[in-house]
Structures are given as C-alpha cells and as structure tokens.
Amino acid sequence: MQLLQYCHTLWNNLAETRERRARAMRMVYGDQWGDLISVKGKTMTQRDYLTSVGNVALQTNQLKKIVSTIAGVYVKQQNEPVCKARAREEQIYGELMTTALQTNWQINDTPLIVDHNILEALIGGFTATRETFEYRDGELDSWTDTCHPNYLFFDSNMKDPRYRDMEVIGEIHDIPFGRFCEKFAKSREDVEQFAEWYANAASPMYSKVMEDVNDKHDADTMTFFTPKDATLCRVFEVWRKESRDRYRVHDENTGELYVINADDHESIKSIEAENRRRRALAAQQGWDEDEIPLIHYRENFFVDTYWYGRFLTPSGYILWEGESPYEGRKHPYSLLILPMTDGKIVSYLSDAIDQNIAINRLMTLHDWMIRAGLKGVTFVPSDLVPDSMSSEEFAEQLTSIDGVVFYEPKKHGQMPQTFYGHTGQINLSEIVKMMSDLMESSVSVNAAIRGEGVKSGTAAALYAQQAENSATPIASLMMRIGVFVKHMAKLKLANIRKFYTPQRFVEIAGTLSNVVNIKDTDFSLAGNIEYDLSVTQSMSTPVYRALKTDILMQFAQAGFIPPRFVFEFGDVPGADEILQRLDAMAQENHEMPIGEDYEQKKQMLTAPAM
C-alpha cells in the first residue's frame with residue numbers, strides 16, 4: 001500500500017499538467033470561451049458572461065491548423081524502421097528482422113498511433129506508448145498501445161532529456177471484468193475472488209446506463225483509486241527501478257555463466273557443496289589447487305539495477321510482479337515530453353493559445369461595436385406629428401415605401417433627420433493578420449511550411465528552398481519526435497528478438513525467398529544478432545518504387561542482370577502474369593525460361609573473337 005501512496009503522490013504532482021492539457025484540448029477542439037471568471041462573486045464561463053450581457057461569443061480556431069501542420073510535416077515523411085546487422089555477413093538476418101519489424105509495424109497501424117501521439121504531445125505537453133507481448137484475439141505478437149495522459153504517472157524530477165534518470169513510471173488501467181480475468185486469473189478460485197473485489201463490474205445486472213460516464217476522462221472529475229465508470233476494474237501498473245546484491249557465477253568446468261542473488265543461501269550452499277566435491281575428487285587424483293575447475297562467485301559481487309513491474313488492485317493486492325521480462329529488463333513505455341524544464345511540462349501551444357484568445361476578443365468586440373452603433377436612427381420633432389395620426393402610424397408611413405404624410409409646416413422649419421453612427425477606427429483585418437502572424441511566429445509555423453502563399457511566377461526550385469528553410473525552426477521538434485518513434489521501434493524490435501520463435505522467422509522468410517535461403521539459414525540465430533536500428537523514409541512510396549524499377553531496367557539494358565529481375569524485383573504492373581506467360585511460351589518452344597539463359601548468353605557476348 002505504501003507503493004500505491006507513492007504513486008498517488010506522483011499522480012498528484014502532474015495535476016497542474018493535466019489541467020493545462022484539459023484547457024489546451026478545449027481550445028483546440030472545444031469551447032475557446034470556456035475559461036472560468038468571477039463576476040460579482042459568481043463564477044461563470046466567459047461565454048455565459050457574454051451571453052448574459054447580450055453579446056455573441058465569436059471564435060476562430062487557428063490552433064487546430066497549427067498542430068495539424070506540424071504533425072503533417074512528420075507524417076508526410078512516411079518513415080518506417082529498418083534493421084542492419086553490424087556484421088556484413090549476417091545481413092540476411094537484418095533483412096529478415098526488417099521484414100518482421102515492418103510487418104508488425106503495419107499490424108499495429110503504428111503510423112496512426114504516431115500521428116495521434118504527436119498531436120497529443122503538441123497539445124497536452126507529453127504522451128506515451130506501451131509495448132507488450134501477449135495474446136490478443138488469439139494471436140501472440142508484440143502490441144503497441146497509446147496511453148491516456150490523465151492515467152499516467154512518473155517521476156517528474158528527471159533532468160536527463162533521454163529520461164534515463166527516471167525511477168518510477170506507471171499507468172492506471174480501467175478494464176472490463178472479462179478482460180481482467182483473462183489477464184490475471186489462473187484458476188476458477190481466482191475468478192470468484194475477483195468477483196468479490198469488483199462486485200459492480202462482475203455483475204451482469206449492473207448497467208452502464210446507471211452511470212454518467214461522459215466525463216470519465218476529465219481531469220477535474222477523475223480520482224486515483226476509484227474509476228468514474230463503476231462497471232470497470234481499476235488496476236495499477238507500476239514499474240520501478242530497483243537494485244539488489246548479486247553474484248555473477250562462473251563454472252570453470254562447463255563454462256556456464258549465470259547470476260544468483262546474494263541472499264540466495266540455498267544456491268550458495270549448493271555451489272559450496274559442489275566445490276567441496278570437486279576438491280575431494282581432485283585430491284584423489286593428486287591435482288594442485290590451481291588446476292581444479294571450481295565454481296567462482298564471491299569475487300564477482302555486484303549491485304544489479306533493473307526495472308521491476310507490479311500490477312496492483314486499489315487495495316494493494318499484487319496481481320503480478322517480477323523483473324522486467326523484456327530485453328534489457330526495461331520498462332515497456334516510450335515517453336515524449338515537449339518540453340520538460342525543471343520538472344514542469346508546458347504545452348507547445350501555450351504561447352499560441354493566448355494569441356488565439358486575443359483574436360476572438362477582437363472579433364467579439366468589433367461585432368459588439370457594430371451592433372451597438374447607430375444604424376439609421378431617425379429623429380423627428382414631436383410637433384411634426386399630425387394630430388390625426390399616432391406616433392406609430394407616423395413612423396410607419398415615414399419608413400414605408402411610397403409613404404405619404406400630410407402635416408402643417410411649422411415656423412422652425414425642422415425636418416426629420418436620420419443619423420448613422422461610426423463603429424470606430426478599428427481595422428479588424430489588419431489586426432487579426434498581425435495577431436495571426438505573431439501566433440505562427442511563436443510556434444514556428446508559417447505559410448511556406450503549409451504549402452501556402454505561392455506567388456504567380458515563383459520558380460519551383462525557389463519555392464522548394466523556401467519550404468525547406470521554413471522547416472528549420474521546427475527541426476529540433478522533428479528530432480525529438482524522431483527519437484520517440486525510434487524508441488518505440490527499439491522496444492518492438494526487442495520483443496521480436498526475444499519472443500519470436502525460429503518457426504516464426506521461417507514463416508517470415510517465406511516472403512523473402514529471393515533474398516534468404518531458407519534451407520541454409522539458421523533461424524535460431526536471428527534473435528542473437530546485434531542490429532543497428534534506424535527510422536528512415538519508407539522505400540514503398542511511389543517515387544522510390546519508380547526509381548528502383550528505372551535502375552533495374554538500366555542494369556538489364558547494360559547486361560548486368562537478367563531481364564527477369566526487372567519483373568521480379570521492380571514495380572511493373574501485371575509482373576506475375578507477364579512472367580507466367582513468358583515461361584509458358586519458353587516451354588512451348590522448348591527453350592529455357594526467360595532470364596535463366598542469361599549467363600549462357602553473357603558468355604557468348606563476352607567470348608573472344610576467333
């Protein structure tokens with residue numbers, strides 16, 4: 001329970017961040033006049049106040065365009081992970097791992113997850129994903145999940161921009177009772193015990209209609225220990241960096257290396273007994289002490305640091321605990337904070353929000369001035385109204401088309417006059433443009449980076465250079481996002497290396513039959529090879545496919561490769577059907593299939609003249 005209280009404190013430390021995120025989300029996707037103000041001791045929203053005094057709250061959303069533009073700059077790159085084996089002779093495993101990683105990347109719809117998390121980080125200040133290896137829908141694989149920022153907690157005292165000095169990170173999970181039992185129940189008794197703990201969630205008669213869950217994710221209504229939706233089971237996932245005294249054990253006889261805990265007295269007794277047995281046998285053979293292959297451990301003491309995970313109920317019951325099963329014994333989260341300074345998380349849009357609010361106020365003020373100004377008000381001397389007409393009848397005749405009024409002229413000779421007021425010297429369009437420019441400048445987003453503002457006659461090369469230069473101010477931001485995506489790919493690669501079986505790699509290699517020789521490849525080594533991971537622009541874009549086909553055609557024309565390779569490796573529409581037709585024609589004519597006689601023809605062409 002002490003650990004949960006500590007996690008509760010970490011979650012409370014992020015309360016201000018959650019409030020700022022809720023406000024930024026409302027500014028981008030909701031009511032920009034929703035800030036609370038106090039009027040004569042009464043708290044109300046700005047929109048309610050304007051409505052109460054007869055004004056109309058106007059708003060224009062410039063913020064959504066900003067976040068969509070920045071996210072679009074990264075998404076447009078169409079990046080995907082690529083693995084390269086550090087040893088050149090092992091590159092076939094690099095191709096194999098790249099295919100496995102990219103296949104899983106597509107299964108998880110990772111580009112969509114990346115886009116969502118970029119928007120989340122730009123608006124709320126931080127975001128995270130979680131990588132797990134488990135069964136889902138009957139399939140065992142590595143899965144990527146997005147984490148709702150309101151449900152995350154972590155050590156906010158970090159100073160390392162890579163978050164390597166993080167000590168604790170965790171997440172609140174609210175899951176249905178069935179999925180809860182699927183994940184944690186090991187027997188029928190466990191299911192019955194869980195039904196007692198989560199009575200409302202386990203009851204089939206408890207209807208979600210009984211609960212108002214529309215605001216269950218809101219920062220101001222969410223609590224740490226109790227879910228807003230009583231039909232869900234609350235579970236806390238906590239990962240904490242811990243340390244323990246351990247020995248590295250080396251058996252000189254077998255060459256085996258392994259680790260034991262310093263307080264594992266049973267293992268130590270077993271090692272000492274084995275060493276005594278070996279000394280006794282060596283003494284019988286007359287060996288010297290230095291020649292005895294003993295099991296060494298005491299001289300190999302070290303303090304081991306690792307991530308330790310726990311799944312807890314609100315009452316503190318441990319559903320699961322253990323050292324991290326993932327490669328490198330790391331926690332399963334990838335974190336992106338934009339930026340974190342002195343433990344504070346500030347939204348990237350924080351400066352632009354005030355500028356957008358100023359634009360809304362200007363528009364509302366201008367609208368009020370127009371409505372409050374004089375618009376054709378007619379002043380009529382009261383003695384001009386004939387005695388035979390009422391004031392209403394006189395006004396109706398005065399303003400009607402072809403109206404006629406008979407009256408006795410007065411000596412003062414005054415006539416009805418109509419006045420038009422002025423709304424003030426406010427050039428709204430210029431002011432709004434100025435505020436918009438200030439907003440775009442504060443977040444480094446301008447017309448060039450959005451592909452706008454191209455003047456007639458602008459050279460394509462000049463415009464391309466302007467667009468490239470316009471992206472320079474957000475280059476640092478793109479780099480941070482790239483590091484976040486690379487970390488996601490590293491966790492996915494680690495899961496694939498550790499948990500994929502050789503048979504799984506054989507199935508993947510079936511799609512690489514032109515690159516990987518399945519018969520001569522030891523797939524058990526795929527997870528043990530060291531790889532360099534990079535996230536680069538996808539090679540499956542139309543531009544890359546056309547370029548690859550063009551290069552293959554040039555090689556075929558020069559005689560460096562068989563023409564068949566153009567259809568097998570290039571992007572030629574109907575390539576499979578063309579190859580089948582050509583092979584069929586070659587068989588009918590009792591010839592070698594196209595491309596297979598390439599070496600024979602090449603030797604004929606390069607043979608010296610007689």
Side-chain angles (χ1 to χ4, degrees), residues 74-75 77-118 128-137 139-147 324-336 479 481-518 521-541 544-545 548 569:
Y74 186 85
V75 172
Q77 298 174 6
Q78 298 186 20
N79 293 332
E80 63 182 6
V82 176
C83 297
K84 290 186 178 180
R86 294 181 179 178
R88 181 60 189 172
E89 62 273 11
E90 297 172 343
Q91 182 53 29
I92 58 171
Y93 295 105
E95 298 290 343
L96 185 66
M97 197 61 67
T98 296
T99 302
L101 185 56
Q102 292 180 359
T103 300
N104 186 273
W105 199 261
Q106 296 168 4
I107 291 174
N108 281 274
D109 292 325
T110 308
L112 177 62
I113 294 176
V114 171
D115 178 63
H116 170 82
N117 281 275
I118 292 175
T129 61
R130 176 174 170 266
E131 194 74 24
T132 59
F133 193 87
E134 60 186 8
Y135 276 101
R136 292 190 183 178
D137 299 327
E139 185 174 354
L140 181 63
D141 212 335
S142 185
W143 304 100
T144 306
D145 298 317
T146 59
C147 305
S324 173
Y326 306 110
E327 188 176 78
R329 297 181 300 172
K330 300 177 181 179
H331 63 78
Y333 290 95
S334 297
L335 193 62
L336 174 62
M479 181 269 296
I481 296 174
V483 171
F484 166 70
V485 175
K486 185 176 180 180
H487 191 269
M488 290 175 57
K490 281 184 176 181
L491 291 181
K492 193 177 290 295
L493 175 63
N495 278 356
I496 292 174
R497 289 183 59 187
K498 183 168 184 178
F499 298 114
Y500 271 29
T501 62
Q503 180 59 35
R504 187 75 174 268
F505 284 117
V506 170
E507 296 173 358
I508 296 171
T511 63
L512 297 172
S513 57
N514 293 325
V515 179
V516 179
N517 188 337
I518 298 178
T521 303
D522 185 0
F523 292 97
S524 63
L525 299 178
N528 301 322
I529 303 299
E530 292 296 326
Y531 302 97
D532 288 324
L533 176 68
S534 60
V535 180
T536 60
Q537 189 168 4
S538 174
M539 302 293 289
S540 61
T541 61
Y544 273 102
R545 293 198 300 267
K548 182 176 70 173
F569 300 103

Query raised in the report: To the nearest 0.5 Å, what is the distance between CD (Glu131) and NE2 (His487)?
Result: 10.5 Å
Query raised in the report: Is the side chain of Thr110 donor-acceptor paired with the backbone N or O of Ile113 at a distance under 3.5 Å, no angle test?
Result: no
**Report entry** Gln102 side chain to Pro81 backbone, donor-acceptor under 3.5 Å
**Finding:** yes
Requested in this report: With rounding to the nearest 0.5 Å, note down the distance linking CZ in Phe133 to CG in Leu491.
Outcome: 14.0 Å
**Report entry** Pairing residues for Asp109 by the salt bridge (charged side-chain N to carboxylate O under 4.0 Å, His left out) criterion, not counting sequence neighbours
**Finding:** none
Query raised in the report: Ile107 versus Trp143: any side-chain heavy-atom pair under 4.5 Å?
Result: yes
Query raised in the report: Below 4.5 Å, heavy atoms only, C-beta onward: do Ile118 and Phe484 meet side chain to side chain?
Result: no
Requested in this report: Decide yes or no for Thr129 and Asn117: does some side-chain heavy atom of the first lie under 4.5 Å from some side-chain heavy atom of the second?
Outcome: yes
Query - Nearest atoms (heavy-atom pairs only) where Cys83 meets Thr98 - result: N-OG1, 2.9 Å
Query raised in the report: Under the side chain to side chain contact (heavy atoms under 4.5 Å, CB included) criterion, do Asn79 and Val485 qualify, and how do the steps go?
Result: CA-CA 9 Å; Asn79 293 332; Val485 175; 6.0 Å; no
Query raised in the report: What distance do Asp141 atom CG and Tyr500 atom OH have between them, rounded to the nearest 0.5 Å?
Result: 3.5 Å
**Report entry** For Ser334, the option from Arg130, Lys486, Met488 that meets side-chain contact (heavy atoms from CB on, under 4.5 Å)
**Finding:** Met488
Requested in this report: Would you indicate whether the side-chain heavy atoms of Glu139 and Asp137 approach each other to under 4.5 Å?
Outcome: no
Report summary line: d(Ile496 CD1, Arg504 CZ) to nearest 0.5 Å is 8.5 Å
Query raised in the report: Would you say the side-chain atoms of Asn104 pair up with the backbone N or O of Ser142, donor to acceptor, closer than 3.5 Å?
Result: yes
Requested in this report: List the atom of Leu335, the atom of Ala128, and the distance in Å for their closest heavy-atom pair.
Outcome: CD1-CB, 3.8 Å
Query - Distance-only side-chain donor-acceptor flag, Tyr333 / Asp145, under 3.5 Å - result: no
Query - Under 3.5 Å donor-acceptor, Lys498 side chain and Pro325 backbone - result: yes
Report task. Assign the ring pair Tyr326 / Phe499 to parallel, tilted or perpendicular, where the plane angle (0 to 90°) is split at 30° and 60°. Result -> perpendicular
Query raised in the report: When rounded to the nearest 0.5 angstrom, what distance separates CG in Asn108 from OG1 in Thr103?
Result: 11.5 Å
